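Have a look at the structure below before the remarks.
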Amino acid sequence: MAILIVLLSATLAACATLAAVLGILPWIDLSVLISGKPFHLGMPVQLTLTIFLLGLTAFLPSSARVMALEVSHRQFKTSMEDVARAYHAAHAADRRG
């Protein structure tokens, strides 16, 4: 679910930023007063957020590989044949000394 949220957020942020660059959508409106002087930080904040989200998507393939590895280590099945083989091998080794 988290992977889907990151992908969706990155896609939406990239589309909104591209639309803002092309003039289709406005930039985020974020004005801050510092020492009485107004600073318009909408564009830098939007660009930074978009780059951050796109950067997170670079880790998704490795995250998927790790999750697959963890799942494969948790899913194992032991049959009665495996138990019998292990029992036989252990007792045969005991008899040999």
Side-chain angles (χ1 to χ4, degrees):
M1 184 71 167
I3 292 172
L4 183 64
I5 290 171
V6 170
L7 279 174
L8 185 63
S9 299
T11 303
L12 289 174
C15 289
T17 300
L18 182 63
V21 167
L22 297 175
I24 299 168
L25 289 177
W27 290 100
I28 294 175
D29 186 23
L30 180 64
S31 297
V32 178
L33 286 175
I34 299 176
S35 299
K37 295 181 181 179
F39 289 94
H40 303 286
L41 299 178
M43 184 174 71
V45 168
Q46 186 171 348
L47 288 170
T48 302
L49 181 63
T50 301
I51 291 169
F52 173 73
L53 288 170
L54 290 174
L56 281 179
T57 61
F59 292 103
L60 293 180
S62 63
S63 173
R65 286 192 300 268
V66 169
M67 286 299 293
L69 183 62
E70 287 179 0
V71 168
S72 71
H73 282 283
R74 288 188 201 132
Q75 293 178 349
F76 61 91
K77 294 183 174 119
T78 304
S79 67
M80 287 305 292
E81 293 171 2
D82 296 330
V83 173
R85 199 174 324 119
Y87 181 83
H88 177 55
H91 285 285
D94 282 343
R95 285 187 209 108
R96 280 187 299 235

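Model, not experiment: these values are computed from the prediction. Hydrogens, waters and symmetry mates play no part in the numbers below; they use all other heavy atoms, side chains included. Numbering starts at 1 and runs along the sequence shown.
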Problem set entry | Minimum heavy-atom distance L25-A16, with the two atoms named | CD1-CA, 4.3 Å

Exercise. Does I24 share a hydrophobic cluster with L18, counting links as ILVMFWY side-chain heavy atoms below 4.5 Å and allowing steps through other members?
Worked result: yes

Exercise. Can you find a heavy atom in the side chain of L60 that is under 4.5 Å from one in the side chain of T57?
Worked result: yes

Exercise. Roughly how far, to the nearest 0.5 Å, is CE of M43 from CG of D29?
Worked result: 13.0 Å

For this session: Answer with yes or no whether the hydrophobic clustering places L4 together with L56; edges join I, L, V, M, F, W, Y residues whose side-chain heavy atoms lie under 4.5 Å apart.
Result: no

Exercise. Are W27 and T17 close enough, and set up right, to give a side chain to side chain contact (heavy atoms under 4.5 Å, CB included), and what steps lead you there?
Worked result: CA-CA 8 Å; W27 290 100; T17 300; 4.1 Å; yes

Problem set entry | L47 reachable from L30 in the ILVMFWY side-chain graph, under 4.5 Å edges | no

Exercise. If you take all heavy atoms of S9 and L53, which pair is closest and at what distance?
Worked result: O-CD1, 3.7 Å

Exercise. Quick one: CG on L54 to OG1 on T11, what's the gap to the nearest 0.5 Å?
Worked result: 8.0 Å

For this session: Flag yes if V6 and F52 sit in one hydrophobic cluster, no otherwise; membership is Ile, Leu, Val, Met, Phe, Trp, Tyr, and two members link when side-chain heavy atoms are under 4.5 Å apart.
Result: yes

Exercise. Crowded around F59 CZ? As in, over 12 foreign heavy atoms under 6.0 Å?
Worked result: no

